[in-house]
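One structure is given here, and the rest of the page talks about it.
Keep in mind the model is a prediction, meaning the values are calculated, not measured.
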There are 2 protein chains.
Amino acid sequence: MQISSRFTIGIHVFACMEIFGNDHKITSDFLAASINVNPVIIRKILSQLKNAGLIEVARGTGGTKAARPIEEITFYDVYLAVDLLEEGELFHFHENPNPACPVGKNIHTALDDKLLRIQGAMENEMKKYTIADVVKDIKKRL
Amino acid sequence: MQISSRFTIGIHVFACMEIFGNDHKITSDFLAASINVNPVIIRKILSQLKNAGLIEVARGTGGTKAARPIEEITFYDVYLAVDLLEEGELFHFHENPNPACPVGKNIHTALDDKLLRIQGAMENEMKKYTIADVVKDIKKRL
DNA sequence: AGAAATGTAATCATTGACATTACATCTTGA
DNA sequence: TCAAGATGTAATGTCAATGATTACATTTCT
């Protein structure tokens, strides 16, 4: 299964805020036009980013901006905010291995540390990239 | 989104083959009893593992065994076999960013290298663990 | 031939993603 | 103060994937 497009949309949102923030008010309609998804989807994602403390959204008047310098917002921050995993676990374990079977009884504990390490490797790599890196790459291409 | 339980089931299958292979014929019904899922699901996963060249399945007579020494079968092999990703990409990119927007036009190329590195970090960690490691851990607990 | 398996198609329930409509609520400016 | 422009969010709908289940054709060995 793939990681939801909410993640790349979240990055896209920050890139727009940084690149257009001085000239435009960054509304959900504005973002929806650049990202090309429904504005309600954007508002849902903005809500998740806001709950994670990554952005500030102005009610009534409208518009949104980053709550911290974009050098300090990593891919992992965005991932955590928008792609909430059940109990934070990347791997979906089969639910009811047979406890009467020597393998079924022990498979979970035998696997857990390894699965955590794999998940950790991905998350650590995610922490290496910030919104600022993406914005820099986009500006290089303008 | 989580990685499908087919992955942990696939590992479980190998563990059963190794631990019970001398005493039992490893049929889909036998595996289904230990894993506690429907035998047809098991047969589907066995079919994927077979197509990947990881196991051999006996038609008619029944039973399955690893096609290679389990020291040489990594988590990544199993993952690739059972959790086929669309074009092999872990991240689902939003499909149609606006090409008339400077950000929309460039977001994909600005992100791709970083997303590949993140996916690569996960896959590399997966390559570090083999079925033999799991079997060893299970035997330790018996 | 018959028993025991695998291979696979068909159907179903459930879940999550994303789209869309609708409307309540908030804020500010005229 | 009220109308315009936004956000917040509930309700519905479509689509795809997972996993359960039934059914049956096919294969192999005895």
Q) To the side chain of A:N38, which of C:dT21, C:dT6, C:dC18 is closest? A) C:dT21
Q.
Can you measure B:L46 atom CG to C:dA5 atom P for me and round it to whole angstrom units?
A. 14 Å
(Q) Can you tell whether the side chains of B:R68 and B:D77 come within less than 4.0 Å, N to carboxylate O? (A) yes
Q | salt bridge (charged side-chain N to carboxylate O under 4.0 Å, His left out) between B:K114 and A:D137, worked out | A | CA-CA 11 Å; B:K114 302 168 186 61; A:D137 275 14; 2.7 Å; yes
Q) Taking only N and O in the side chain of A:R6, is any of them less than 4.0 Å away from OP1 or OP2 of C:dA17? A) yes
Q. Can you check the B:K44 NZ to C:dA10 P distance for me, whole Å?
A. 14 Å
Q) A:S28 side chain N/O closer than 4.0 Å to the phosphate oxygens (OP1, OP2) of D:dT7? A) yes
Q | Selection from D:dA6, D:dG19, C:dT6 that lies nearest to any side-chain heavy atom of B:T27 | A | C:dT6
Q: Could you check A:G60 against A:V37 and say which one's nearest nucleotide on DNA chain C is further toward the 5' end?
A: A:V37
Q) Between atom NZ in B:K65 and atom P in C:dA5, what is the gap in whole Å? A) 18 Å
**Q.** Spacing between A:F30 atom CZ and D:dT7 atom C1', to the nearest angstrom
**A.** 17 Å
Q. Of the nucleotides C:dT6, D:dA6, D:dT9, which has the atom closest to the B:V57 side chain?
A. C:dT6
Q.
Let's test your reading of the model: under 3.5 Å, does the base of D:dT27 pair with the side chain of B:R59 as donor and acceptor?
A. no
Q) The side chain of B:I41 lies closest to which of these nucleotides: D:dT21, D:dT26, C:dC26? A) D:dT21
Q: Mind calculating the distance between CG (A:D29) and P (D:dA4) to the nearest angstrom?
A: 17 Å
Q.
What I want to check is whether the side chains of A:H94 and B:T8 have a donor and an acceptor closer together than 3.5 Å.
A. yes
Q | Proximal nucleotide (of D:dG19, D:dT7, C:dT20) relative to the A:V40 side chain | A | C:dT20
Q. Rounded to the Å, how far apart are B:F91 CZ and C:dA17 C1'?
A. 17 Å
Q: Give the rounded distance in Å between these two atoms: CD of B:E95 and C1' of D:dA16.
A: 13 Å
(Q) Please report the distance, rounded to the nearest Å, between CD1 in A:I42 and P in C:dC18. (A) 11 Å
Q: Output yes when at least one side-chain N/O atom of A:K50 is less than 4.0 Å from OP1 or OP2 of D:dG8, else no.
A: yes
Q.
For the residue pair B:S34 / B:H12, report whether a side-chain donor-acceptor contact shorter than 3.5 Å exists.
A. yes
Q: Please step through ring-ring contact (aromatic ring centres under 6.0 Å, His included) for the pair A:Y129 and A:Y76, ending with a clear verdict.
A: CA-CA 8 Å; A:Y129 306 103; A:Y76 182 63; over 10 Å; no
Q.
By nearest atom, which of the nucleotides D:dC29, D:dT21, D:dT7 is closest to the B:T61 side chain?
A. D:dC29
**Q.** C:dC18 OP1/OP2 closer than 4.0 Å to side-chain N/O of A:S5
**A.** yes
